[in-house]
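Notes follow the structure.
Throughout, a chain's letter reflects where its sequence line sits, starting with A, and its residues are numbered from 1.
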Amino acid sequence: MADDRCTITGDPIDPCELIAAADGTDGAALLFVGIVRDHNEGREVGHLDYQAYPEMAETVLRNIVAEARSRWETGAVSVIHRIGRLEIGEVSVAIAVSSPHRGDAYSASRYVIEELKKRVPIWKREGYLDGESEWLRGSTPQPIGEGS
Amino acid sequence: MADDRCTITGDPIDPCELIAAADGTDGAALLFVGIVRDHNEGREVGHLDYQAYPEMAETVLRNIVAEARSRWETGAVSVIHRIGRLEIGEVSVAIAVSSPHRGDAYSASRYVIEELKKRVPIWKREGYLDGESEWLRGSTPQPIGEGS
Amino acid sequence: MQIKALFFATYRDIAGADELEVQLPTGASVDDLVASLRSRGEGWQALPEKPAVAVNLTYSKLATALSEGDEVAFIPPVSGG
Amino acid sequence: MQIKALFFATYRDIAGADELEVQLPTGASVDDLVASLRSRGEGWQALPEKPAVAVNLTYSKLATALSEGDEVAFIPPVSGG
């Protein structure tokens with residue numbers, strides 16, 4: 001089993017650090033990077049505030065990575081999600097997957113980001129340029145799938 | 001039209017350099033990295049030699065990127081492929097795609113690597129640990145799709 | 001028994017606190033905890049009758065029976081990524 | 001007319017050179033170029049009768065008519081990535 005890493009952090013994310021984990025065993029590495037956008041649903045965004053339930057977020061991330069591993073052949077999988085205040089252009093999330101097979105790397109990477117958005121207890125409040133701010137309406141997690 | 005880049009190079013590739021092109025307009029960036037593996041089809045590989053028809057390879061890469069753009073919404077797309085002698089663990093190819101929509105980033109990235117392997121005039125000779133070397137049997141490109 | 005209730009994002013705004021210690025009769029379920037909180041007053045009606053919850057870091061059904069010291073997190077719709 | 005033929009990978013091994021200048025009658029096609037090369041001797045039989053080719057950087061059919069100065073690249077199965 002490769003050296004997985006699932007982290008919630010208040011520090012800036014360096015996505016390059018994640019890709020460096022790839023080695024000569026796997027032929028493909030895929031890095032997904034989520035970046036704070038300057039707009040959403042027609043409103044101009046000035047910054048974001050992310051809040052998490054950190055202990056649970058890391059646990060759910062580890063579950064998601066384990067599920068991805070059981071479906072596809074992967075080497076190391078690393079997921080980092082930032083919390084706190086983020087400015088436009090900053091990295092909110094980075095997911096690195098290496099694999100002997102590029103198809104598996106794409107599938108596993110996509111699975112992790114989709115499930116992360118559905119299930120990981122993290123919340124985003126958009127701060128708009130007009131001074132207002134609002135928690136985003138997101139996905140309601142279901143008990144099924146978390147083993148209860 | 002974003003600032004695309006399609007390059008064949010004899011120099012080592014720094015994949016991080018590519019991902020830095022993403023900005024606050026696009027919410028997702030995806031970086032695919034191909035890495036020289038230490039084995040293939042049951043044989044232990046010591047190094048690879050890549051040869052290209054460079055002018056044409058860059059032209060075909062630009063066609064592929066244009067096709068990806070016409071199918072999916074993408075920001076900047078960068079593709080770098082290395083030629084010459086590569087050791088185990090070195091990066092042979094890197095593809096960076098940014099997009100407002102992560103689904104488009106995954107689809108466009110996958111399209112570029114699959115078409116690259118089918119159509120770009122680059123050849124790989126594996127040098128085995130037993131001292132032998134062999135050009136890999138690859139894909140035969142078809143005139144259709146290149147506009148002739 | 002004593003239960004620790006955690007609140008995040010919009011639910012934190014409703015609760016006016018990150019966490020609350022709540023006394024419940026032995027054998028109470030998450031449903032009972034929700035009812036107990038919603039009965040605290042006007043503002044608490046904004047907490048859904050059937051919110052997503054995690055008991056001790058795991059998403060759980062509202063029928064889940066609670067034990068002394070359990071940590072119940074109220075999870076508004078998530079929006080990470 | 002004079003045509004520049006380029007060879008890569010396994011085809012370079014067959015040709016024994018990166019490129020060759022080939023004289024062909026006006027109006028000759030890529031097919032004629034292939035036939036002309038294959039008639040050069042024993043070793044050239046290893047060049048397929050219907051190889052993939054690119055004329056002036058574009059993958060082209062074997063029936064393509066050539067013009068003075070055209071660059072015809074013989075493209076063995078590719079294996080980039």
Side-chain angles (χ1 to χ4, degrees), chain A residues 6 8 32-37 40-41 48-64 79-83 86 91-95 110 112-126 133-148, chain C residues 3-22 27-35 37-38 43-81:
Chain A
C6 296
I8 306 296
F32 173 86
V33 180
I35 298 153
V36 178
R37 281 199 293 178
N40 189 31
E41 294 178 5
L48 291 183
D49 282 298
Y50 281 95
Q51 185 180 108
Y53 180 11
E55 307 86 338
M56 182 176 170
E58 294 189 358
T59 302
V60 177
L61 278 177
R62 278 193 294 272
N63 292 347
I64 291 170
V79 188
I80 302 190
H81 200 299
R82 189 164 162 203
I83 53 173
L86 276 75
V91 174
S92 57
V93 59
I95 300 167
R110 186 79 196 267
V112 171
I113 183 62
E114 298 302 330
E115 292 299 309
L116 182 158
K117 285 175 168 274
K118 280 186 208 153
R119 294 155 54 187
V120 177
I122 298 179
W123 301 272
K124 176 159 48 187
R125 190 172 57 195
E126 289 184 337
S133 71
E134 206 170 279
W135 289 106
L136 263 77
R137 291 164 298 282
S139 305
T140 300
Q142 302 300 321
I144 193 166
E146 289 302 320
S148 76
Chain C
I3 301 297
K4 182 192 279 188
L6 303 183
F7 303 95
F8 299 95
T10 52
Y11 295 170
R12 176 182 287 182
D13 297 340
I14 295 168
D18 292 347
E19 58 179 84
L20 292 175
E21 297 291 340
V22 182
S29 66
V30 176
D31 256 330
D32 297 324
L33 172 62
V34 174
L37 290 169
R38 282 174 48 86
W44 282 95
Q45 300 300 313
L47 186 70
E49 280 183 59
K50 297 182 179 305
V53 297
V55 178
N56 303 328
L57 306 182
T58 302
Y59 287 117
S60 300
K61 294 177 179 164
L62 295 169
T64 305
L66 296 172
S67 304
E68 171 69 29
D70 276 352
E71 182 175 285
V72 179
F74 289 83
I75 310 282
V78 302
S79 53

Note to self: With a 4.5 angstrom heavy-atom cut-off, is it the side chain or the backbone of P76(C) that approaches chain A, or both, or neither?
What the structure shows: both
Checklist line | Contact class of A57(A) relative to chain C, heavy atoms under 4.5 angstrom | finding: neither
Next item on the list: For residues V78(C) and P121(A), report the shortest heavy-atom separation together with the two atoms involved.
Entry: CG1-CA, 3.8 Å
Check: So which part of L62(C) gets closer than 4.5 Å to some heavy atom of chain A, the side chain, the backbone, both or neither?
Finding: neither
Notebook entry, point to check: M56(A) and A54(C): which non-hydrogen atoms are nearest, and at how many Å?
Noted result: SD-CB, 3.3 Å
Note to self: Within this structure, what is the OG1-CD distance for the pair T10(C) and Q51(A), rounded to the nearest 0.5 Å?
What the structure shows: 9.5 Å
Margin query: Could you work out, with side-chain hydrogen bond (donor to acceptor under 3.5 Å, both in side chains) as the rule, every residue matching E115(A), not counting sequence neighbours?
Written below: K118(A), R119(A)
Notebook entry, point to check: Who passes ring-ring contact (aromatic ring centres under 6.0 Å, His included) against F8(C), sequence neighbours left out?
Noted result: Y53(A), W123(A)
Check: Looking only at heavy atoms, which two atoms of A52(C) and P141(A) are closest? And how far apart?
Finding: CB-O, 3.8 Å
Note to self: Would you say CD of E49(C) has more than 12 non-hydrogen atoms from neighbouring residues, nucleotides or ligands within 6.0 angstrom?
What the structure shows: no
Item checked: Interface moiety of S92(A) toward chain C, non-hydrogen atoms closer than 4.5 Å -> side chain
Notebook entry, point to check: What closest approach, in Å, do S79(C) and G138(A) show between heavy atoms, and which atom pair accounts for it?
Noted result: CB-CA, 4.3 Å
Notebook entry, point to check: Looking only at heavy atoms, which two atoms of G81(C) and K124(A) are closest? And how far apart?
Noted result: O-NZ, 3.7 Å
Item checked: Straight-line distance of E55(A) CD to N56(C) CG, nearest 0.5 Å -> 11.5 Å
